[in-house]
Number of protein chains: 2
Amino acid sequence: MFLKHIDLIKGLYYSKTASLNDLSIYTGRSIPYVTKGIADLMKLDIVKEVGIRASSGGRKPATYSLIADTGFIISVAMNQFLTRIVIVNMNNEFVGEVQEFELKLGDNKDAIHSLIACIKAVVVNSGLAQDKFLAIGITMPGFIDAFLGNNLSFLKVPDETLVTYIAKHAGLPVFIENDSTAIALAEQKFGLPIARNNSMIINLGWGVGLGMIINKEIFKGHSGFAGEFSHLPLHKNGKLCSCGKQGCLETEASLLAIEAKAAEGLKQGQVSSLLKYDTVSADNIIDEALKGDAFAIKIIAEAAYFIGQGLAILLHLMNPESIILSGKGSVIGKLWLSPIQQAMNEHCIPHLTTYTQLAVSNLGNNAQLLGGVTTVIENLYKLNPQANISEPT
Amino acid sequence: MFLKHIDLIKGLYYSKTASLNDLSIYTGRSIPYVTKGIADLMKLDIVKEVGIRASSGGRKPATYSLIADTGFIISVAMNQFLTRIVIVNMNNEFVGEVQEFELKLGDNKDAIHSLIACIKAVVVNSGLAQDKFLAIGITMPGFIDAFLGNNLSFLKVPDETLVTYIAKHAGLPVFIENDSTAIALAEQKFGLPIARNNSMIINLGWGVGLGMIINKEIFKGHSGFAGEFSHLPLHKNGKLCSCGKQGCLETEASLLAIEAKAAEGLKQGQVSSLLKYDTVSADNIIDEALKGDAFAIKIIAEAAYFIGQGLAILLHLMNPESIILSGKGSVIGKLWLSPIQQAMNEHCIPHLTTYTQLAVSNLGNNAQLLGGVTTVIENLYKLNPQANISEPT
DNA sequence: AAAACTTTTTATTTTTTTTAAAAAGTATGA
DNA sequence: TCATACTTTTTAAAAAAAATAAAAAGTTTT
């Protein structure tokens, strides 16, 4: 019964506050239908009226919101080295601080148990009753089968799916999604308006991920592998990539490639404030670049130029409304922006670039966490089979 | 009233013969709704019952078809040098022969009037009454604004759109579409089943066109320029392309590039049956390659390899169900197939190629003509504003 | 050859949308 | 300033479409 009229709940969640008319447009259903649905949800104390909104002429509409503490979602954003967890309420507000846990994904047999322990700790420390939590949304790198709930690259468990395993131990429903896909979802729902319809979302991180929004929907391809931007065969540098091929974009443009280039440059006697570190990490390079170190800026710009070259190809094929730079690397967005734009201009048919906007995300480092929440919201209809739902087609 | 229940007419047109159940699935509407609609159309003598179909167990369904001579569509397929026109009935059968007219598109002020004269001649020679024709579907190269009905590259007319101009002179409604997009439409509706949902349709011709089918729909991008496969910046050969950039795929892989390479090779003393021609045309090369000439086969294979390299990129990004080789060049499909497959295997992450089928179209040289018909069928709802229609969303 | 199972068609009920009307505002101008 | 014209939102009544149930017409199994 909590899950009656999922589409209305989704609409309210993403817009925070909406009128009956807004919801009718969002859901594509008639005003009377929406009116009845909201009345039901108000009786159930899931939705409340929050006041009257200004109008451009005409009767002022009543507006509605979800009641914040009806339910909570746990979002778990993992990368190769760090796992971040936060609790989010029904108004999409973080409840308490984002908790960070060092957790190595690769080559770590204990990763799955560490992860479960982290989640349990967050639940217990929150002081909230277990039945107040709706579900857990986990976002992480790797080839992910979101439908079955498995990650083909990391956190393998025997005899059952990753999702059922974690759900069993945490006592809550679990949904997983690829990190780049999750970031694209977050950008679509909470990011810039130009990211809503046809947008390419770049996840600048240890690799270069891509999430595609085509005709207002995430596009994953026929078998779920679309958006392999990182492994576009663009270079003839002979460098071996983790995928087994040579010359992938990743070998020149990822944070890993940047680390390698920095080490090489310093060995060859480059003057740089990076010399003060024993071993140079990507975070060091980012820090020093932000402080203005010329060498750090130069190698970041180089990588950005290669990303721009890849984006030129994307532009020719997809003609998107926008390209959004998001993910971990978006914090240095301004450093990437101009070399990327430069490369795009050089390698594109002129009028293509004029129709596509290149922008840095406004979600900062929270995109992946918001993507985990979005993953749960999008799967809400799976939580209660008796719910009054129209499954997505 | 002829145009009542457009969606049912479309379903019958594309499937030729269908049961009520088939149509219910095709239109996404309920059986009672479809039942009533078909009854209406039968009263109007647009649809007839054509018999009972076998069943795998259970009552045998009645099947229905459009009545072939209720209406006719004129399909006009243009390329740079040749215009082909055919009349098609409501059972998607060609009425009479395909008529060919030499008509240069580029640098020809008189092209528009020649085109209108050709269309008029076909109408008159058919002996059919003018009011039996539904519309004209014109497919041609260039940047086409199908919504406004203009071609930004060819056949410009002052003060009005191309579509209204031709419609005025021919006395029939006109719809235009880009040739590669039209071919993609034809492959989706009449081609191999694997081309229906997520497919990349390559138009091998004077350029290398691409039509994308994503989630069962033609995808044209945010401003209609998606699918610029021909101008992917993949080569560092310094060759200037018609688009103004250097190193586009087209400079190595189009029929024009093949012509140039053949001339160059012959000048350098290559032994080949091509030597018997004064000037070597693409058609000559295709002919001799089909007859087994080693040199002709070699330069075609070279171009094919470059196309395969481009397709590898497409595969990484789109992960389609299939790639279909169509258009003029598909008649030598088998010659392209293996070098293209080879290049794809070399440049793709292994498991990507295993999920995508590469195939040659089964529509031969008719794809573009069928695409013109499809363009009309898809725009049928625009013909009669009073019709009982639900416009596509 | 009857029973069990499928698939299609018809009839009935329920749901949802469409249309129309009413309510609640804003802007305008005599 | 206050009636008039115009908007937008909300409520009510009518019409359309879908979902459900039942019947009809077959096929397959035992």
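Throughout, a chain's letter reflects where its sequence line sits, starting with A, and its residues are numbered from 1. All of these numbers come straight from a predicted model, not from anything done at the bench.
Following rounding to the nearest Å, B/R29 (CZ) and C/dT15 (C1') show an atom-to-atom distance of 15 Å. When rounded to the nearest whole Å, the span between OH of A/Y33 and C1' of C/dT14 equals 13 Å. The NZ atom of A/K36 sits 15 Å away from the P atom of C/dT14 (whole-angstrom rounding).
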Intra- and interstrand pairs of DNA chain D - dot-bracket, Watson-Crick/G-U under 3.5 Å, | marks other strand: ||||||||||||||||||||||||||||||
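In this structure B/R196 satisfies the salt bridge (Lys or Arg N to Asp or Glu O under 4.0 Å) test with no other residue, sequence neighbours excluded. Residues meeting the salt bridge (Lys or Arg N to Asp or Glu O under 4.0 Å) test with A/D145, sequence neighbours left out: none. Under the salt bridge (Lys or Arg N to Asp or Glu O under 4.0 Å) criterion, A/R53 pairs with A/D22, sequence neighbours left out. Listed by chain and number, the residues in a ring-ring contact (aromatic ring centres under 6.0 Å, His included) with A/F94 amount to none (sequence neighbours excluded). In this structure, the ring-ring contact (aromatic ring centres under 6.0 Å, His included) partners of B/Y355, at least two apart in sequence or on a different chain, are A/F225. Residues that satisfy the side chain to side chain contact (heavy atoms under 4.5 Å, CB included) test with A/F190, not counting sequence neighbours, are A/Y13, A/Y14, A/K16, A/N92, A/L363, A/L370, A/T374. Looking at residues two or more places apart in sequence or on another chain, you find a salt bridge (Lys or Arg N to Asp or Glu O under 4.0 Å) between A/E160 and A/K168.
The pair A/D7-A/R29 meets the salt-bridge criterion, since a charged nitrogen lies less than 4.0 angstrom from a carboxylate oxygen.
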Using a cut-off of 4.0 Å between protein heavy atoms and nucleotide atoms, how would you tag nucleotides 6-11 of chain D 5' to 3' with B, S and -? -BBBSB
